[in-house]
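The shown structure was predicted, so the numbers you read here are calculated from the model rather than taken from an experiment.
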Amino acid sequence: MCAMRAQLSKTPVPPAGVETDGPVRELDRVRVLQAVTGDDDLTVPVGATGTVVAVYADGAAFEVEFTEPVDTLATVEAAAVRLVERAVR
């Protein structure tokens, strides 16, 4: 478990000047602030990063695809994610 947390903490932080405020949009990278359950009942741990594949109710929730440390899709409320990287537009 400690090795998993250490690996998650190595997720790169955006460099200074990279836009990480404003509404989360499709294809943005986000980090979960609490453990969430994926659509297939796998638990996504705190700190895992994923890609937003859908935005629901004007940003009230997101469908997020995770590949590490588990491979799953999860519907996550906006309060449970932090934007870490904007998608290139």
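- Here the straight-line distance linking atom CG of L83 with atom CZ of R29 works out to 11.0 Å at 0.5 Å rounding.
- D28 places no side-chain N or O within 3.5 Å of a backbone atom of R86 that could act as its donor or acceptor partner.
- Around atom CG of D40, more than 12 heavy atoms belonging to other residues, nucleotides or ligands sit under 6.0 Å away.
- Counting all heavy atoms, side chain and backbone alike, E26 lies closest to A87 at O-CB, 4.1 Å.
- Going from atom CG of L27 over to atom CD of E65 covers 10.0 Å, rounded to the nearest 0.5 Å.
- What you find for G38 and A74 is that their closest heavy atoms are CA-CB, 3.9 Å.
- Side-chain heavy atoms closer than 4.5 Å link hydrophobic residues (I, L, V, M, F, W, Y) into clusters, and following such links, even through other members, never connects V64 to L73.
- Distance check: T49 OG1 to F66 CZ gives 8.0 Å after rounding to the nearest 0.5 Å.
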Next item on the list: Please assess D39 against T75 for the test side chain to side chain contact (heavy atoms under 4.5 Å, CB included), listing each intermediate value before the final yes or no.
Entry: CA-CA 8 Å; D39 294 347; T75 303; 4.3 Å; yes
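- Between the OG1 atom in T51 and the CD atom in E85 there is a gap of 8.5 Å [rounded to 0.5 Å].
- Nearest heavy atoms, A78 versus G59: CB-O, 3.2 Å.
- Here the closest non-hydrogen pair linking V32 and V44 is CG2-CG1, 4.1 Å.
- Contact annotation: the side chain of F62 never approaches that of V30 to less than 4.5 Å [non-hydrogen atoms, C-beta and beyond].
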